[in-house]
Amino acid sequence: MANIAAKRIKREFKEVMKSEEVAGGDIKLELVNDCWTELQGEIAGPPDTPYEGGTFLLEIKVPETYPFNPPKIRFMTKIWHPNVSSATGAICLDILKDQWAAALTLRTVLLSIQALLSAAEPNDPQDAVVAKQYRENPQLFNMTARHWTNIYAGGPTSVWEFNQKVQRLLDMGIDEHQARVALSTYDWELERATEQLFC
Amino acid sequence: MSAESDMEYSDNDGDDYYYEGQDDCDMETVDRSKSDPEYFMFSCLRVEEVEKLLNESIELLSNSLQITPSLAKVMLYAYEWNAQEIIKKYKENANEVLVYSRVKPPMPQTQGNSSRSICAVCASTPPLQKYSALACGHYFCNDCWAMHFEVQIMQGVSNTIQCMAQDCEVRAPEDFVLSHVTKPALRERYQQFMFKDHVKSHPQLRFCPGPNCQWIYQAWVREGARRVECQGCELLTCFSCGAPHHAPTDCTTIRRWLTKCADDSETANYISAHTKDCPKCQICIEKNGGCNHMQCGACRHDFCWVCLGDWRSHGSEYYECSRYKEDPNLANDSQHAQAREALKKYLHYYERWENHARSLKLEEQTLASLKSRINQKVMAGEGTWIDWQYLWDAARLLKRCRYTLQYTYPFAYYMDVGPRKELFEYQQAQLEAEIENLSWKVERAETTDRGDLENQMDIAEKRRTTLLKDFLEFNTNNASSSKI
C-alpha cells in the first residue's frame with residue numbers, strides 16, 4: 001500500500017477515535033486487517049427517521065491511490081433507502097464519486113452517509129424500486145424502512161403485520177430475505193409478491 | 001417516365017440552365033453556393049494549424065489583459081473561446097470573470113482554514129517552502145499536488161482539474177500543473193488531453209469523427225444540418241451535431257431516429273402488438289395458433305384470448321365475448337391495434353432506410369470496380385482518363401444522390417401528415433425513380449450513350465437539389481411546419 005494512503009488512514013483513524021461523534025456513539029470505525037486497506041464503519045440511524053435505533057455496518061475499502069481517489073464504501077447491513085441498493089448495499093453519494101476531494105476524511109464521509117439517511121435524494125436513486133415507493137407512498141416506505149431496521153439493524157420497532165406476511169411466505173418454503181424483498185417491492189401485497197416468487 | 005420528367009425539367013428550369021451554362025467559368029464559387037443547397041463554408045485544418053489558431057486567441061487575451069497564457073487558457077475554456085467577450089467583461093468587472101472561469105473562489109478564503117504546518121492530504125509535515133496553493137489559498141504539500149495531478153491526468157482530466165480542498169471548485173491552470181508534474185510521458189499526456197478539450201470546447205472547431213483521422217473542421221455556423229467533408233478520410237459529417245451528415249433531416253430528428261433504430265425500442269412495440277399478458281400471472285404470451293382457448297404455460301390458467309376472461313365461466317358464452325362493444329378489453333385491443341400500426345409505419349421507413357444504406361455500400365464497390373475498368377481502358381489505349389471522366393463523375397453523383405435519399409426517410413417518418421408531407425413524399429418518389437434510372441445506367445455504363453447518361457445525371461441531381469432547397473431547414477421560410 002502506498003505510503004501516503006497508509007499514513008493518511010492511520011491519522012484519520014486516530015481523528016475518528018478522538019471525535020465527539022465516537023464519544024456520542026454516532027459513528028465507529030474498526031480495522032479489518034493490519035495493512036490499513038480495509039476498515040469497518042458503523043453509523044447510528046439518525047433520530048426522527050425510520051432508521052432510528054438501528055446500527056448500520058459499512059464496508060470501507062481504501063484504494064492504493066487514496067486520498068486522491070475516494071474510498072469504496074457500501075452498506076453491509078441491509079437497508080431500505082432510495083440511495084442504497086437493497087441488494088448490494090452500494091451507495092449513491094456525490095462525494096464518493098465525482099465530488100470527492102483529497103482533503104475529505106473518513107470522518108466527514110461517515111457523517112455524510114449518516115446525513116443521507118436523514119435526507120434521501122429520491123431524484124438520484126440507487127434503487128429505483130425503493131425510490132418509487134418513497135415518492136408515491138411515503139407512509140408505506142417509512143413502515144418498510146422501519147421494518148428492515150428492526151430486522152437487520154436491531155431497531156426497536158417491530159411491525160407485526162409485516163412479520164406475519166413474511167411468515168406466511170416462510171411457511172411456503174421461501175427464503176426469509178427473498179420473501180421480505182418481494183413483499184417490500186410489491187407494497188406488501190401478499191398475492192403479487194407470491195406470484196412474482198413463483199413465476 | 002423519363003420523357004415526362006424531361007418535360008417538367010425544361011419547363012421549370014430551362015431558362016436558368018442556359019443562363020448558368022453561359023458564365024459558369026468565371027462565376028464558379030458564387031454558383032456553387034447558389035446551385036448547391038447544402039453548400040456550407042468550412043475549412044479542414046491540420047493539428048498544427050489548429051494549434052496556431054488557438055494560440056492566437058491565447059496570445060491576444062494574455063497581451064490585452066496582461067495575464068499569463070496559462071490563465072488565459074482557463075478563461076478561454078470557460079468562455080468558449082470568445083476572447084472579445086472576456087476582454088469586454090474583464091474591463092467591466094475583472095473579479096466576476098475570474099470567479100466565473102474558476103480562477104478565483106467566489107468568496108475570499110480565510111487564511112485560517114489551511115495551515116502550512118501539516119499537509120491535510122498526506123498528514124506529513126514538510127518545511128514551509130514545500131507547500132503551494134491556487135488562488136483559493138488552500139495549501140497542500142507539493143508531493144500531494146503531484147500525486148493529485150497524476151491521478152487526474154491518468155483519468156483523462158486536464159482543463160478541469162480542481163483544488164484538493166473540499167467543495168473548492170478552483171481550477172488548476174496549466175503552469176501550476178506542469179510545475180508539479182515531472183514525468184515526461186505524463187506531461188505529454190496532459191497536453192494532449194488539453195488540446196482535445198480545447199477543440200471540443202471551441203464552438204468553431206470539430207474533430208473529424210473518422211477512425212484515426214487527424215483532421216479538424218473549422219466553420220462559423222453551428223445549427224441545422226451542415227455538411228463538412230473530410231480532406232483525409234472523405235467522411236461526410238454534420239458540423240452542428242457531429243453525426244453523419246443527414247440533410248434534409250435536422251439534428252434533433254436524426255438523433256431521435258438513430259436512437260430509435262439502435263435501442264430496439266420497436267421490440268417493445270412488437271411485443272405489445274403480438275402478445276398479451278396472462279390475466280392471472282401476468283406472464284407474456286405470444287399466440288401461436290388459431291384457437292382462442294388459451295392455457296398459460298406458466299400458471300396453467302385457462303382463459304379466452306379475445307376477452308381475457310376465465311375460460312370455465314366462458315365456455316357457452318364464447319361467441320358473445322366479441323360482441324360487447326363497451327367491454328374494457330376493447331380499449332386494450334385498440335391499444336394493440338395502435339401499436340401494430342406504429343410498428344408497421346416504422347418498419348416501412350426503416351426498411352427503406354436500411355435498403356439505401358446497403359445500396360450505398362454496394363455503390364462503393366461499383367465505384368471501385370469502375371475505377372479499375374477505366375484504368376484498363378486507358379491502359380489498352382481506348383482513350384484517356386479525361387475521356388472516361390464522365391463515368392467516374394456519374395458514379396460519384398449517384399453516391400451523393402443515394403446518400404441524400406437515405407436521409408429523407410427519417411425526415412418523412414417524423415413529418416406530420418398534411419399537404420407538406422404529400423409534397424415531400426412526391427419529391428422523394430421522383431428522386432428515388434431518377435436515382436434508380438441512374439443506377440441502372442451507371443452499371444451498364446459502357447453500353448449507354450454518353451449523352452443519355454449525362455442527361456440522367458443532370459435530372460437526378462436537379463431532383464436532389466430541388467428537394468433539399470424546399471425542405472432543408474435553413475433554406476425554407478416555412479421551416480416550422482417540417483419540425484416535429
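Every chain is numbered from 1, with letters handed out A, B, ... down the list of sequences.
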How close do B:Val121 and A:Ala102 get, counting heavy atoms only, and between which atoms? CG2-CB, 3.8 Å
Is A:Lys28 atom NZ crowded by more than 12 heavy atoms from other residues, nucleotides or ligands, each under 6.0 Å away? no
Do other residues, nucleotides or ligands put more than 12 heavy atoms under 6.0 Å from the CZ atom of B:Arg187? yes
Is atom CD of B:Glu96 surrounded by more than 12 heavy atoms (other residues, nucleotides or ligands) closer than 6.0 Å? no
Is any side-chain heavy atom of A:Thr65 closer than 4.5 Å to a side-chain heavy atom of B:Met154? no
Please indicate whether A:Asp171 has more than 12 foreign heavy atoms, meaning atoms of other residues, nucleotides or ligands, lying under 6.0 Å from its CG. yes
List the atom of A:Ala101, the atom of B:Ala165, and the distance in Å for their closest heavy-atom pair. CB-O, 3.4 Å
Nearest 0.5 Å please: distance from the NE2 atom of B:His148 over to the CD1 atom of A:Ile4. 12.5 Å
Are A:Phe68 and B:Met164 side-chain neighbours, meaning at least one heavy-atom pair lies under 4.5 Å? yes
If you take all heavy atoms of B:Gln166 and A:Ala103, which pair is closest and at what distance? N-CB, 4.1 Å
Which region of B:Gln155, side chain (C-beta onward) or backbone (N, CA, C, O), has a non-hydrogen atom less than 4.5 Å from a non-hydrogen atom of chain A, or is it both or neither? side chain
Mark yes when over 12 heavy atoms from residues, nucleotides or ligands other than A:Gln139 sit less than 6.0 Å from its CD; otherwise mark no. no
Are more than 12 heavy atoms, taken from residues, nucleotides or ligands other than A:Glu20, located less than 6.0 Å from that residue's CD atom? no
Would you say OH of B:Tyr79 has more than 12 non-hydrogen atoms from neighbouring residues, nucleotides or ligands within 6.0 angstrom? yes
With a 4.5 angstrom heavy-atom cut-off, could you sort out which part of B:Cys144 is near chain A: side chain, backbone, both or neither? both
Any donor-acceptor pair under 3.5 Å linking the side chain of A:Arg11 with the backbone of B:Ala120? yes
